[in-house]
**Student:** 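So that we are looking at the same thing, I have put the structure below in C-alpha cells.
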Amino acid sequence: MPELPDVEVFRKYLNRTALNKKIDKVEVRDNDILSDHSARSLQMQLKGKKFKATKRRGKYMFVKFDKNAWLVPHFGMTGFLKYYKDEDKETEHARVVFDFTNGYKLAFDNQRKLGKVDIAKGVQEFAEKNDIGPDVLEDDFDLGKFKEIMDKKRGIVKSALMDQKSMSGVGNIYSDEILFRAGIHPASKTERLDNKQVKKIFRALKTVLKKAIEAEVDPQKMPSSYLLPVREEGHKCPECSGKIKSSKFSGRTGYYCGKHQKQLS
DNA sequence: AATATTGTTCAGCA
DNA sequence: GTGCTGAACAATAT
C-alpha cells in the first residue's frame, strides 16, 4: 500500500486521532523495526511527550514530539496506523505501540517487516542524510524541475519515476497509473521522450496522486477511467478498446494497456 | 508448493 | 566515480 498517497492518508489519520495526547509509554514488540536507536532510548525520548505536528516527504512520515525531534515512520511494502482503545481492536501485526494517558493506543502495524521507525532532528536533515529527493506534490516541484530531472535520467521511464533519489513519492502502483494516464509505455526509454511526453507525464503525476488522496486511496472511489480498479491481466482497458497486459520492468511487475501505451523503439 | 507482493538497499556491471 | 538493473530482505496469500 504505502506510496505517497497512502502515507498522506495515514498522516491525516494521525492528525485527527493521536495528536496532542500525552504519551505514557512505548511498546516495541519487534526490534527489527527500529533503525539505529534502541527501544529503551525511544521510550525515554517519547515518555511524557505529545505528538505536536506532522509532515511528509515522499513515502516518509514525520511526527514532531519535541523541539528538533521527530519520529519518522516508514511503512515499507505493507503497513498502516491504527488508533484504538480496546484490546480486541488491536491489529494483527502491531510492531510498535504508543500508549497514551487517555487509555488509547496508536499502533504502527507492519505485516512484512520491511518498515522502519526512526528518529530525526528534522525533515531536511533526514532527507539529506538518506538521499531522499524532492517530494513530487510540493508546489515548487514544477514542470521545469521535473524536466531537469528527467533530462539526466536514462533507462526505462517507469524506473525513473520510482527512483526516490531523483524525486520521492511514486512507487510501483502509481507509476503504472501515471504512465497509463499519459499513454506512455512503461518500458519507454527516458532519453527518448520528447518535451510533449514529459509534460504529459508530469501532468498525470500531479493529477493521479491528488486524486488518490481525495479518494482516500480506495480503488473503488477512483475515477472509473483509472487503471487502479482494474489492475489485472486481460481486463478490458477503461480508456480504449485494448486489453491490460503485465510484464516485469526492472524487477517489478507493471500493468499497462497494450493498445494506447505504445512502446518507443 | 512454488511464486507473487504496494519498498529499499546493495552487488554487479557498463 | 556514476547510474541502471535485479536479487535479497520478511511474512503471508494464492
Side-chain angles (χ1 to χ4, degrees), chain A residues 1-11 29-36 56-61 72-81 91-96 108-118 120 126-133 135-136 148-180 186-193 205 208-209 211-213 215-222 226-234 244-256:
Chain A
M1 262 190 172
E3 297 183 35
L4 185 153
D6 310 84
V7 178
E8 182 64 9
V9 170
F10 299 160
R11 188 182 73 81
R29 302 185 184 173
D30 197 310
N31 282 296
D32 293 0
I33 300 298
L34 302 183
S35 295
D36 299 330
R56 185 189 51 69
R57 171 131 166 186
K59 303 169 190 171
Y60 291 84
M61 188 164 141
V72 189
H74 183 267
F75 296 90
M77 295 248 273
T78 56
F80 55 91
L81 298 174
T91 60
E92 211 177 332
H93 311 286
R95 309 289 187 196
V96 181
F108 175 85
D109 190 283
N110 205 244
Q111 183 202 107
R112 265 186 276 169
K113 302 189 285 186
L114 298 176
K116 285 272 183 286
V117 172
D118 208 344
F126 184 88
E128 277 168 24
K129 195 166 76 187
N130 295 284
D131 233 330
I132 305 164
D135 184 281
V136 294
E148 196 183 303
I149 291 164
M150 293 299 268
D151 276 349
K152 293 181 190 143
K153 304 290 289 178
R154 299 286 179 273
I156 70 178
V157 63
K158 178 174 165 67
S159 302
L161 293 175
M162 287 170 61
D163 177 10
Q164 306 299 302
K165 289 189 164 89
S166 303
M167 55 185 127
S168 62
V170 177
N172 197 32
I173 301 261
Y174 288 100
S175 61
D176 280 353
E177 188 66 63
I178 290 162
L179 293 169
F180 179 83
S188 303
K189 296 277 187 265
T190 310
E191 62 270 29
R192 303 290 301 271
L193 299 171
L205 183 152
V208 163
L209 297 180
K211 277 276 181 224
I213 293 168
E216 290 180 302
V217 148
D218 180 350
Q220 303 309 313
K221 290 188 199 154
M222 294 286 272
Y226 273 40
L227 173 64
L228 210 78
V230 300
R231 202 172 178 274
E232 64 180 290
E233 188 133 36
I244 302 304
K245 293 182 168 189
S246 86
S247 184
K248 290 271 184 190
F249 304 104
S250 302
R252 308 304 303 274
T253 307
Y255 293 80
Y256 63 100

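For clarity, every value in this text was computed on a predicted model and none was experimentally measured. Here is the naming used below: chain letters follow the sequence lines, and residue numbers restart at 1 for every chain.
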**Student:** Once you round it to whole Å, what is the distance between P of C/dC4 and CD of A/Gln164?
**Tutor:**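 Between P of C/dC4 and CD of A/Gln164: 14 Å.
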**Student:** Strictly below 4.0 Å: does A/Thr78 bring a side-chain N or O up to OP1 or OP2 of B/dG7?
**Tutor:**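 No, no such contact exists.
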**Student:** Do any side-chain nitrogens or oxygens of A/His74 fall under 4.0 Å of OP1 or OP2 in B/dG7?
**Tutor:**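 Checking B/dG7 against A/His74, no side-chain N or O comes under 4.0 Å of OP1 or OP2.
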**Student:** Using a cut-off of strictly less than 4.0 Å, decide whether A/Lys248 has a side-chain nitrogen or oxygen near OP1 or OP2 of C/dT5.
**Tutor:**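 So the side-chain polar atoms of A/Lys248 never come under 4.0 Å of the phosphate oxygens OP1 or OP2 of C/dT5.
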**Student:** Please report the distance, rounded to the nearest Å, between NZ in A/Lys165 and P in C/dG3.
**Tutor:**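 Rounded to the whole Å, the gap is 10 Å.
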**Student:** Find the distance A/Asn110:CG to C/dT12:P and express it as a whole number of Å.
**Tutor:**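 It works out to 11 Å between those atoms.
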**Student:** Looking at A/Arg252, does any N or O in its side chain come under 4.0 Å of the phosphate oxygens OP1/OP2 on B/dG7?
**Tutor:**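 Answer yes for this pair, as a side-chain N or O of A/Arg252 is under 4.0 Å from OP1 or OP2.
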**Student:** Distance-only, no hydrogens or angles: does the A/Glu3 side chain make a donor-acceptor pair with backbone N or O of A/Gly171 under 3.5 Å?
**Tutor:**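 Present.
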**Student:** Assign A/Lys153 to base, sugar-phosphate, or nothing according to its heavy-atom contacts below 4.0 angstrom with the strands shown.
**Tutor:**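 Counting heavy atoms under 4.0 Å across all strands, the contact made by A/Lys153 is with sugar-phosphate only.
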**Student:** If you measure only the distance, is there a donor-acceptor pair under 3.5 Å linking the side chains of A/Ser166 and A/Lys153?
**Tutor:**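 Judged by distance alone, the side chains do pair up.
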**Student:** Measure NZ/A/Lys113 against P/C/dT12 and give the value in whole Å, please.
**Tutor:**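 Rounded to whole Å, this separation is 9 Å.
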**Student:** May I ask you to say whether A/Lys221 pairs ionically with A/Glu216, meaning some side-chain N is under 4.0 Å from a carboxylate O?
**Tutor:**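 Here A/Lys221 pairs with A/Glu216 in a salt bridge, since their nearest N and O are under 4.0 Å apart.
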**Student:** Using whole Å, what does the distance between atom P of nucleotide B/dT5 and atom CD of A/Glu233 come to?
**Tutor:**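 The answer, rounded to whole Å, is 11 Å.
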**Student:** Using OP1 and OP2 only, check whether a side-chain N or O of A/Thr253 sits under 4.0 Å from B/dT5.
**Tutor:**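 Yes, A/Thr253 has a side-chain N/O under 4.0 Å of OP1/OP2 on B/dT5.
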**Student:** Among C/dG6, B/dT5, C/dA11, find the nucleotide with the atom closest to the side chain of A/Met77.
**Tutor:**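 Between C/dG6, B/dT5, C/dA11, the one nearest the side chain of A/Met77 would be B/dT5.
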**Student:** Would you mind reporting whether A/Tyr226 and A/Phe180 have side-chain heavy atoms less than 4.5 Å apart?
**Tutor:**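 No; the side chains remain at least 4.5 Å from each other.
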